[in-house]
Amino acid sequence: MTALRGSRCDACAVTLYPAGDACPRCGRETAPVTLSTAGELWTWTVQRFPPKSPPYVAPPEGFTPFAVGYVELPEGVRVAAVLDTDLASIRIGMPVLVEAGAGVPRARSAE
Ligand SMILES: [Zn+2]
(Lines give C-alpha, C1' and ligand atoms only; values in the text may rest on other atoms or scores of the structure.)
Protein backbone atom coordinates (compact mmCIF):
# COMPACT_ATOMS: atom_id res chain seq x y z
CA MET A 1 0.00 0.00 0.00
CA THR A 2 1.48 3.34 -1.04
CA ALA A 3 0.53 6.12 1.33
CA LEU A 4 -0.21 9.55 -0.08
CA ARG A 5 2.37 12.30 0.30
CA GLY A 6 1.21 15.70 1.42
CA SER A 7 2.80 18.61 3.20
CA ARG A 8 2.39 20.17 6.60
CA CYS A 9 2.97 23.56 8.22
CA ASP A 10 4.40 22.93 11.68
CA ALA A 11 3.64 26.49 12.76
CA CYS A 12 -0.14 26.14 12.49
CA ALA A 13 -0.59 22.37 12.09
CA VAL A 14 -2.22 22.66 8.65
CA THR A 15 -1.87 19.61 6.41
CA LEU A 16 -2.17 19.93 2.64
CA TYR A 17 -3.08 17.47 -0.07
CA PRO A 18 -1.93 17.77 -2.78
CA ALA A 19 1.32 18.97 -1.24
CA GLY A 20 2.09 22.66 -1.51
CA ASP A 21 5.27 24.62 -0.86
CA ALA A 22 3.61 27.34 1.20
CA CYS A 23 1.06 27.19 4.03
CA PRO A 24 -2.25 28.71 2.88
CA ARG A 25 -2.81 30.15 6.36
CA CYS A 26 0.53 31.76 7.29
CA GLY A 27 2.62 31.54 4.13
CA ARG A 28 5.50 29.74 5.79
CA GLU A 29 7.32 26.92 4.01
CA THR A 30 5.78 23.47 4.52
CA ALA A 31 7.52 20.14 5.04
CA PRO A 32 6.70 16.88 3.21
CA VAL A 33 4.60 14.44 5.23
CA THR A 34 3.30 10.92 4.66
CA LEU A 35 -0.46 10.89 5.19
CA SER A 36 -2.44 8.25 7.06
CA THR A 37 -3.96 5.52 4.92
CA ALA A 38 -6.99 4.98 7.19
CA GLY A 39 -9.78 7.53 7.12
CA GLU A 40 -13.55 7.99 6.90
CA LEU A 41 -15.68 8.62 3.84
CA TRP A 42 -16.83 12.24 4.16
CA THR A 43 -19.12 12.28 1.12
CA TRP A 44 -19.42 10.56 -2.25
CA THR A 45 -21.24 10.35 -5.57
CA VAL A 46 -21.33 8.15 -8.67
CA GLN A 47 -19.70 9.20 -11.95
CA ARG A 48 -22.22 7.83 -14.47
CA PHE A 49 -20.73 9.16 -17.71
CA PRO A 50 -17.13 9.27 -18.95
CA PRO A 51 -15.21 12.31 -17.66
CA LYS A 52 -13.70 14.70 -20.19
CA SER A 53 -10.78 13.17 -22.07
CA PRO A 54 -8.02 14.16 -21.67
CA PRO A 55 -7.18 13.88 -18.85
CA TYR A 56 -9.51 10.90 -18.36
CA VAL A 57 -8.35 7.69 -19.98
CA ALA A 58 -11.01 4.99 -20.28
CA PRO A 59 -9.89 1.49 -19.31
CA PRO A 60 -9.43 -1.04 -22.17
CA GLU A 61 -12.77 -2.71 -21.34
CA GLY A 62 -14.59 0.63 -21.67
CA PHE A 63 -16.19 3.05 -19.25
CA THR A 64 -18.31 1.79 -16.39
CA PRO A 65 -19.86 4.03 -13.69
CA PHE A 66 -17.67 4.41 -10.62
CA ALA A 67 -17.88 6.09 -7.24
CA VAL A 68 -15.80 9.06 -6.21
CA GLY A 69 -15.68 10.67 -2.81
CA TYR A 70 -13.79 12.65 -0.24
CA VAL A 71 -11.90 10.73 2.42
CA GLU A 72 -11.28 12.59 5.65
CA LEU A 73 -7.94 11.68 7.21
CA PRO A 74 -6.91 12.09 10.87
CA GLU A 75 -4.60 14.94 9.80
CA GLY A 76 -7.73 16.98 9.06
CA VAL A 77 -7.37 16.94 5.30
CA ARG A 78 -9.95 15.64 2.81
CA VAL A 79 -8.68 13.72 -0.19
CA ALA A 80 -10.68 13.16 -3.40
CA ALA A 81 -10.45 9.50 -4.38
CA VAL A 82 -12.01 6.90 -6.64
CA LEU A 83 -13.85 4.38 -4.46
CA ASP A 84 -13.04 0.79 -5.37
CA THR A 85 -16.00 -0.50 -3.42
CA ASP A 86 -19.34 -2.06 -4.34
CA LEU A 87 -21.72 0.88 -4.89
CA ALA A 88 -24.49 -0.71 -2.81
CA SER A 89 -22.27 -0.86 0.28
CA ILE A 90 -21.01 2.73 0.28
CA ARG A 91 -22.16 5.00 3.10
CA ILE A 92 -20.98 8.30 4.55
CA GLY A 93 -18.74 7.75 7.57
CA MET A 94 -17.60 4.29 6.57
CA PRO A 95 -13.97 3.45 7.37
CA VAL A 96 -11.83 3.36 4.24
CA LEU A 97 -8.21 2.87 3.28
CA VAL A 98 -6.77 5.34 0.79
CA GLU A 99 -3.58 5.06 -1.21
CA ALA A 100 -1.82 6.58 -4.18
CA GLY A 101 -3.11 5.30 -7.51
CA ALA A 102 -2.36 5.86 -11.17
CA GLY A 103 -3.21 9.55 -11.49
CA VAL A 104 -5.73 9.74 -8.67
CA PRO A 105 -5.91 8.36 -5.12
CA ARG A 106 -7.91 5.14 -4.70
CA ALA A 107 -9.91 4.18 -1.65
CA ARG A 108 -11.57 0.95 -0.59
CA SER A 109 -13.69 -0.20 2.30
CA ALA A 110 -11.83 -1.02 5.51
CA GLU A 111 -14.78 -2.98 6.92
ZN1 LIG B 1 1.08 27.85 8.57
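Just so you know, ligand 1 is whichever comes first in the structure, and atom 1 is the first atom listed for that ligand.
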Does Ile92 sit in a hydrophobic cluster with other residues, and if so which ones, taking ILVMFWY side chains as linked at heavy-atom separations under 4.5 Å, directly or through other members? Leu4, Tyr17, Val33, Leu35, Leu41, Trp44, Val46, Val71, Leu73, Val77, Val79, Leu83, Leu87, Ile90, Met94, Val96, Val98

Less than 4.0 angstrom from a charged side-chain N to a carboxylate O is my criterion; do Arg91 and Glu111 meet it? yes

Glu75 side, atom CD; Ser36 side, atom OG - distance, nearest 0.5 Å: 3.5 Å

Of the protein N/O/S atoms, how many lie under 2.8 Å from the Zn ion (ligand 1): 4

Tell me whether Asp84 is salt-bridged to Arg108, with the criterion being a basic N under 4.0 Å from an acidic carboxylate O. no

Is there a side-chain contact between Ser109 and Ser89, using heavy atoms and a 4.5 Å cut-off? no

Please report the interatomic distance CG(Asp10) to CZ(Arg8), rounded to the nearest 0.5 Å. 5.5 Å

